[in-house]
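These notes concern the structure reproduced below.
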Amino acid sequence: MMHLVLTIGFLLVCIGFWGLMTRRDIFRMIISFSLLDTGVHVIMVGIGYVPGGTAPIFDEALAVEQAVGKVVDPIPSALVLTAIVIGLAVTALMLSFAIRLHASKGSLTVDELKELKW
Amino acid sequence: MMRRVIVVIALATIAFGFFPLATQIGELSGLTGIATHYVEQGAAELGAANLVTSVVVSYRGLDTLGEVLVLFTATTGVTTLLTAKKSKSVTQNEEEKSVRREGSELLATGAAFLFPLLVLFGIYIFMNGHLTPGGGFQGGVVLASAFLLLLFSDCRMQLNHVLLKRAEAFSGAAYVAVGLLGLWLAGGFLDPRFLPAGEFGQLFSAGAIPLIYILVGIKVGSELTGIIDSMRGCSR
Amino acid sequence: MNLAMVTLFGLIMLIGGVAALHMKDTVSAILAAGSVSLVASLIYLLLGAPDVAMTEAAIGSALTTVVFLFSWTRIQRHPESTNDRKSEYREDDQP
């Protein structure tokens, strides 16, 4: 099952990159960034999966002593938790840039932004 | 045509770079390395029932501090970009369109009813972060969505920006202060063992982990509310 | 059982991802991206990571979609530029 999840994540990363390279509208590019982020997160959580494992939370169903064989790796979950919040912050920043670009240039296609080209 | 060929070649190169990921990573049959140490010793060392919380807050606590810093930077960037002084023609457009449709009464009543429930739910999530799935980030996001409901319902509603900035600044400074207290009273920076570990599974257990997560929850909630308020763009 | 569910969710995610980039209407594309995040949160639950599932459902599916829609609405309210460059507002242009 881990290979299936890794393949799904990898295909999402490919879709994100493809959208980033072929679309010229700023909103599609930002959506592609978001899809790319989601794909990478799926890959990271998939790597930490132990077959037949359950969530790493101790309660009546899972005692501390017998936990080592039955529990999913907690470290990738912690890393992806941080990464999801950072992805939202960067998306919000990109969107505010898009708003300012539209307010000053009047169009949303990146082909119009010619000021940095030599 | 040329561009399409280049895009296909670039994609193929990226796929080739990711390919060993699919073939050379085998499925884990059990935990290895440091994960076994965290699973075996985590509950005894820190007293938190939720292992992911103990990893996020104390074992990898510096990453969480860095993430709070990144969120703060992004919020500052968004607020600076979107509330700059407007040029004259834009203000004229705004004045022409200042008569907007009022929000529907269904939305306004529903938002007023759901707001205290959502705030309570968000506070519950980040207070119980060390016992059940959840924690500071999830609770902070639920808090921000409670404010989001209120901001949706009425375009004329203004939030108290001073209170928002004070809450964000206070919780950020208090987070670093708790880390320094850990340096002074316990093993190292952000070590949560300076408060008693208590009884396993109770609300007031696991040292300073609930305290840190409460501060993170308040900070994330106020920052996301600030971002949403800046992006809303209703008439000032 | 788990394998079948993950396959189904994966198919929905990939179709949603391709649809988000192909649709002409931007609001539909934003909603498709939000649904990709939602299905990803279900996959995280099947992989034994409930914290990540909660965070992804709240942030990726709800707040990201809301932030996108807010900025789209804000752009729609000012369709003309403020200076005298060419100011025609184009629809989603694809090469």
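Chain A is the first sequence line, chain B the second, and so forth, proteins listed ahead of strands; every chain is numbered from 1. Just so we're clear, the structure is a prediction, and the values are computed from it rather than from any experiment. Worth knowing before you read on, the calculation uses all heavy atoms, side chains too, and leaves out hydrogens, waters and symmetry mates.
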To the nearest 0.5 angstrom, please state how far the CD1 atom of B:I14 sits from the CZ atom of A:F10.
-> 9.0 Å
Report the distance from atom CD1 of B:I227 to atom OG1 of A:T91, rounding to the nearest 0.5 Å.
-> 10.0 Å
Return the minimal non-hydrogen interatomic distance between [X] and [Y], and the atom names on each side.
X: B:L82; Y: A:R100; value: CD2-CD, 4.4 Å
X: B:L11; Y: A:M21; value: CG-CE, 3.9 Å
X: A:A92; Y: B:M231; value: O-CE, 3.7 Å
X: A:P74; Y: B:V39; value: CD-CG2, 4.3 Å

Please classify the contact of [X] with chain B as side chain, backbone, both or neither, using a heavy-atom distance under 4.5 Å.
X: A:I99; value: side chain
X: A:V13; value: side chain
X: A:I43; value: side chain
X: A:Y49; value: backbone

Tell me, do B:P133 and A:I57 make a side-chain contact under 4.5 Å, heavy atoms counted?
-> yes
Note, A:I75 side chain near B:Y59 side chain (heavy atom, < 4.5 Å) = no
Using a cut-off of 6.0 Å, state whether more than 12 heavy atoms not belonging to B:F72 lie near its atom CZ.
-> no
Taking only residues two or more places apart in sequence or in another chain, which ones pass ring pair (Phe, Tyr, Trp, His ring centres under 6.0 Å) with A:F58?
-> none
Check each atom of B:L224 against the heavy atoms of chain A and say whether the ones under 4.5 Å are side chain, backbone, both or neither.
-> side chain
Honestly, the part of B:Q138 sitting under 4.5 Å from a heavy atom of chain A is side chain
Between B:V70, B:D63, B:I34, B:I6, which shows the greatest number of heavy-atom pairs under 4.5 Å with chain A?
-> B:V70
Using a heavy-atom distance cut-off of less than 4.5 Å, which residues of residues 77-89 of chain A contact chain B?
-> A:S77, A:A78, A:L79, A:L81, A:T82, A:V85, A:I86, A:L88, A:A89
